[in-house]
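Right, one structure below, let's go through it.
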Amino acid sequence: MSDISPQVAPARVRTRFAPSPTGQLHIGGARTALFNFLYSRHTGGDFLLRVEDTDRERSTDAFTQGILDSLAWLGLTPDEPPVFQSTRAARHAEVAHEMLAAGKAYYCYCTPEELRQMREQAVAEGRSPRYDGRWRDRDPAEAPAGVKPSIRLKAPRDGETVVDDLVQGPVRVANAELDDMIILRGDGTPTYLHAVVVDDHDMAITHVIRGDDHLTNTFRQVQVFQAMGWPLPRFAHIPLIHGADGSKLSKRHGAVSVMEFDAQGYLPEAVCNYLMRLGWSHGDLEVVDRDEAIRLFDIVDVNRGASRMDYAKLTNLNGVYIRKADDDRLTKDVLRRLIHQHDLSVGSIAADRIRTLMPHLKERAKSMLELAQAAAFLARVVPLPMEPKAAAILTPEARLLLRDVAADLAATDFTVPALDAALRAFAERTGRKLGQVAQPLRAALTGSTVSPGIDATLAALGKDEALARIADASR
RNA sequence: GUCCCGUUCGUCUAGUGGCCUAGGACACCAGCCUUUCACGUUGGUAACACGGGUUCGAACCCCGUACGGGACGCCA
């Protein structure tokens, strides 16, 4: 490993996203991953993934897979195979013992029960619940029998520890506020704060970008880096995302896990764009695609204040991205949703109709759920299910009108311009406004009162199907 | 309780001492467009948390207060 510190000769930027697989990847974690990804790409560096699965009680393989899937969905695939923290326990212990040998750490023979009492007493006396350092300078010869000691960092007691954070600026705390944290448990396993430092060092991470709930823990991590004489990475603590009411984001605020956003019909690029704009901006830019994001994103431009999740704005952006999306891709997604969520069997004829009408369908959808809903009529067969509003349109007079217009349509080429011309001619000949002709047709053709332009809808259905539906509705 | 961080329209934000009568976006309201619904378009309502300084001048700098968030585990 190079002994040139990054400050002297900037190393290639390496960032990492380090989730623990104790739940699905949620939207806050997704943004953290995004910022890590964007920063690494912006600087031409690497984006890595480390799975912090050392909490064997709560970590599961299913969650690990879920996180991997979610990242893939978002397009945030790491550049190297993921590192699993649980596989590195021996290395964490090794470093702890190195610190012990160097006099930077010491054995502590306190029992968990003893520590609990220490904390309770401190709180009762109005002091901070900190370890009092009782084994810091005590002779291990006095160790009680039968207690497996933990290893604690021998943290500096005077002066202050400073984190020069790329987002928060310089943040300092008096060392007297920090206690000697445990780096290796009595059973020989590492604690989180220690493992993170060892892994970040060994993975040559240059920039630690994470949620600001880790900010105050960073002081202790810095002390471990310093004890080992390792160069410090740069830190960037980004603010958390809150729910609409300002409290911690949770289930009751709506979708929180990335996979739920997929299920609710959000496009990954819309989610990424929305997430990026939460806490980051570039002038008045709102719609920023991946390439432009990489070009413009810099971690120092991230704001310090927490922001709230606004589903309305996400939905609006989703509409923007749906309109921009490729028609084949949208069709594929809609077909999938029709089969799985609407329980429709979609044959190739229906698929072709959906694909044909997609340029018009996507103009009026804000989510893939809406898009699938709006396309469903193309996959149905007569008799169509009628929405109440559509049924109300099909009055006896409307049915007569349908029979008349059907005759015209039967003699028309089913192309959009020809259909448009035929309908206009029919309306004029019968002294009606176009809308008076279009709405009954729409009801007959779609079973609803909302659809793309009636000419395009007719064309997508094709002459035989369109006439069959009109005939059925005008009976 | 102690320590750390934050605070511009309802929300996301622009703003780095004069360009601010505070700009944009979403949402909301009204109009236009129109073959329904969307899209688009025109206009409107709406914010510098509060109090002190510093300065010729403060949304911007400093200090307090209030409110919000986070951290204080042999969890991650």
Those residues at least two apart in sequence (or on a different chain) that pass side-chain contact (heavy atoms from CB on, under 4.5 Å) with Asp298(A) are Tyr39(A), Val300(A), Asp301(A)
Scan the side chains in residues 437-445 of chain A for donor-acceptor partners under 3.5 Å anywhere in the protein, sequence neighbours excluded, and list what turns up.
unit_1    : atom_1 : unit_2    : atom_2 : d
Gln439(A) : OE1    : Arg442(A) : NE     : 2.8
Gln439(A) : OE1    : Arg442(A) : NH2    : 3.2
Gln439(A) : NE2    : Thr449(A) : O      : 3.4
Arg442(A) : NH1    : Ser451(A) : OG     : 3.1
Arg442(A) : NH1    : Pro452(A) : O      : 2.9

Return the polar atom pairs (N/O with N/O) between nucleotides 60-69 of chain B and the protein under 3.5 Å, or none.
none

With a 3.5 angstrom cut-off on both distances, give the Watson-Crick or G-U wobble partner of rA25(B), or none if there isn't one.
-> rU11(B)
Report the distance from atom CG of Asp55(A) to atom C1' of rA76(B), rounded to the nearest whole Å.
-> 7 Å
Got a sec, which pairs hit salt bridge (charged side-chain N to carboxylate O under 4.0 Å, His left out) with one end in residues 109-119 of chain A, sequence neighbours left out?
-> Glu113(A)-Arg116(A), Glu114(A)-Arg134(A), Arg116(A)-Glu120(A)
Could you walk me through whether Asn273(A) and Val320(A) pass side chain to side chain contact (heavy atoms under 4.5 Å, CB included), step by step?
-> CA-CA 11 Å; Asn273(A) 192 150; Val320(A) 170; over 6 Å; no
Indicate, with a heavy-atom threshold strictly under 4.0 Å, whether Thr449(A) touches base, sugar-phosphate, or nothing.
-> base
Regarding Thr218(A) and Arg210(A), is there a side-chain donor-to-acceptor distance under 3.5 Å anywhere?
-> yes
Which base sits across from rC3(B) as a Watson-Crick or G-U pair, both distances under 3.5 Å?
-> rG70(B)
Donor-acceptor pair under 3.5 Å: do we get one between Arg364(A)'s side chain and the base of rC37(B)?
-> yes
Between Asp333(A) and Arg337(A), is there a side-chain N and carboxylate O pair less than 4.0 Å apart?
-> yes
Using a heavy-atom cut-off of under 4.0 Å over every strand shown, decide if Arg58(A) touches base, sugar-phosphate, or nothing.
-> base
Could you tell me the separation between the CG atom of Asp132(A) and the P atom of rG73(B), rounded to a whole number of Å?
-> 13 Å
Between rC37(B), rU35(B), rA76(B), which one does the side chain of Asp420(A) approach most closely?
-> rU35(B)
P gap between rG10(B) and rA76(B), integer Å | 42 Å
Base, sugar-phosphate, or nothing: which does Thr315(A) touch, judged by heavy atoms less than 4.0 Å apart?
-> nothing
In whole angstroms, how far is the C1' atom of rC4(B) from the CZ atom of Arg130(A)?
-> 13 Å
Does a side-chain heavy-atom distance below 4.5 Å link Ser307(A) with Leu278(A)?
-> yes
Any donor-acceptor N or O pair under 3.5 Å, side chains Asn36(A), His207(A) | no
Could you give the distance separating rC50(B) and rU7(B) at their C1' atoms, to the nearest angstrom?
-> 11 Å
Which is true for Ser281(A) with a 4.0 Å heavy-atom rule: it touches a base, it touches only sugar-phosphate, or it touches nothing?
-> sugar-phosphate
Any strand, both distances under 3.5 Å, Watson-Crick or G-U wobble: rC75(B) pairs with none
Where along nucleotides 24-29 of chain B does protein come under 4.0 Å, by heavy atom, of base (B) or sugar-phosphate alone (S), with - for untouched nucleotides?
-> BBSS--
Check every strand shown and say whether Thr216(A) touches a base, only sugar-phosphate, or nothing at a heavy-atom separation below 4.0 Å.
-> base
Under a 4.0 Å heavy-atom cutoff, the residues of residues 165-180 of chain A touching RNA chain B are Gln168(A), Val171(A), Arg172(A), Val173(A), Glu177(A)
With no hydrogens and no angle check, do the side chains of Thr189(A) and Asp187(A) hold a donor and an acceptor under 3.5 Å apart?
-> yes
What residues, two or more places apart in sequence or in another chain, satisfy side-chain contact (heavy atoms from CB on, under 4.5 Å) together with Val147(A)?
-> Tyr109(A), Thr111(A), Pro144(A)
Has Thr191(A) got a side-chain N or O lying under 4.0 Å from the OP1 or OP2 atom of rC74(B)?
-> no
Which is true for Cys108(A) with a 4.0 Å heavy-atom rule: it touches a base, it touches only sugar-phosphate, or it touches nothing?
-> nothing
Just checking Ile182(A): base, sugar-phosphate only, or nothing, at a heavy-atom cut-off of under 4.0 Å?
-> base
Pairing partner (Watson-Crick or G-U wobble, both distances under 3.5 angstrom) of rA30(B) = rU42(B)
Across the strands shown, which category fits Gly305(A) at heavy-atom distances under 4.0 angstrom: base, sugar-phosphate, nothing?
-> sugar-phosphate
Between rC39(B) atom C1' and Glu370(A) atom CD, what is the distance in whole Å?
-> 13 Å
Which residues satisfy the side-chain contact (heavy atoms from CB on, under 4.5 Å) test with Val167(A), sequence neighbours excluded?
-> Asp165(A), Ala236(A), Ile238(A), Ile299(A), Val302(A), Arg304(A)
Keeping to residues at least two apart or across chains, list the side chain to side chain donor-acceptor pair (under 3.5 Å) pairs with something in residues 145-154 of chain A.
-> none
Could you pull out every donor-acceptor pair under 3.5 Å between side chains of residues 173-183 of chain A and any protein atom, sequence neighbours left out?
unit_1    : atom_1 : unit_2    : atom_2 : d
Asn175(A) : OD1    : Thr161(A) : N      : 3.3
Asn175(A) : OD1    : Thr161(A) : OG1    : 2.5
Asn175(A) : OD1    : Gln223(A) : NE2    : 3.4
Asn175(A) : ND2    : Asp158(A) : O      : 2.7
Glu177(A) : OE1    : Arg130(A) : NH1    : 3.3
Asp179(A) : OD1    : Arg220(A) : NH2    : 2.6
Asp179(A) : OD2    : Tyr131(A) : N      : 2.9
Asp180(A) : OD1    : Arg136(A) : NH1    : 3.1
Asp180(A) : OD1    : Ala155(A) : N      : 3.1
Asp180(A) : OD2    : Tyr106(A) : OH     : 2.6
Asp180(A) : OD2    : Arg136(A) : NH1    : 3.0

Whole-Å distance separating the CG atom of Asn303(A) from the P atom of rC5(B) | 17 Å
Return yes if some donor-acceptor pair links the side-chain N/O of Asp326(A) with the main-chain N/O of Arg329(A) below 3.5 Å, else return no.
-> yes
Checking N1-N3 plus N6-O4 or O6-N4 for Watson-Crick, or N1-O2 and O6-N3 for wobble, each under 3.5 Å, the partner of rC50(B) is rG64(B)
Residue matched to rC56(B) through Watson-Crick or wobble contacts both under 3.5 angstrom | rG18(B)
Provide, to the nearest angstrom, the distance between the NE2 atom belonging to His360(A) and the P atom belonging to rC37(B).
-> 18 Å
Going 5' to 3' through nucleotides 46-51 of chain B and flagging B where a protein heavy-atom sits under 4.0 Å of the base, S where only the sugar-phosphate is that close, and - otherwise, we get ------
Would one find a side-chain N or O of Thr22(A) under 4.0 angstrom from OP1 or OP2 of rC75(B)?
-> no
Side chain to side chain contact (heavy atoms under 4.5 Å, CB included) between His92(A) and Asp199(A): does it pass, once the steps are laid out?
-> CA-CA 8 Å; His92(A) 301 145; Asp199(A) 290 344; 2.8 Å; yes
Could you state the CZ-C1' distance from Arg119(A) to rG73(B), rounded to the nearest angstrom?
-> 5 Å
Applying side-chain contact (heavy atoms from CB on, under 4.5 Å), name anything that partners Asp53(A), two or more places apart in sequence or on another chain.
-> Pro21(A), Val51(A), Ser59(A), Phe84(A), Gln85(A), Ser86(A)
Taking atom P of rA76(B) as reference, at what distance in whole Å does atom CG of Leu193(A) sit?
-> 9 Å
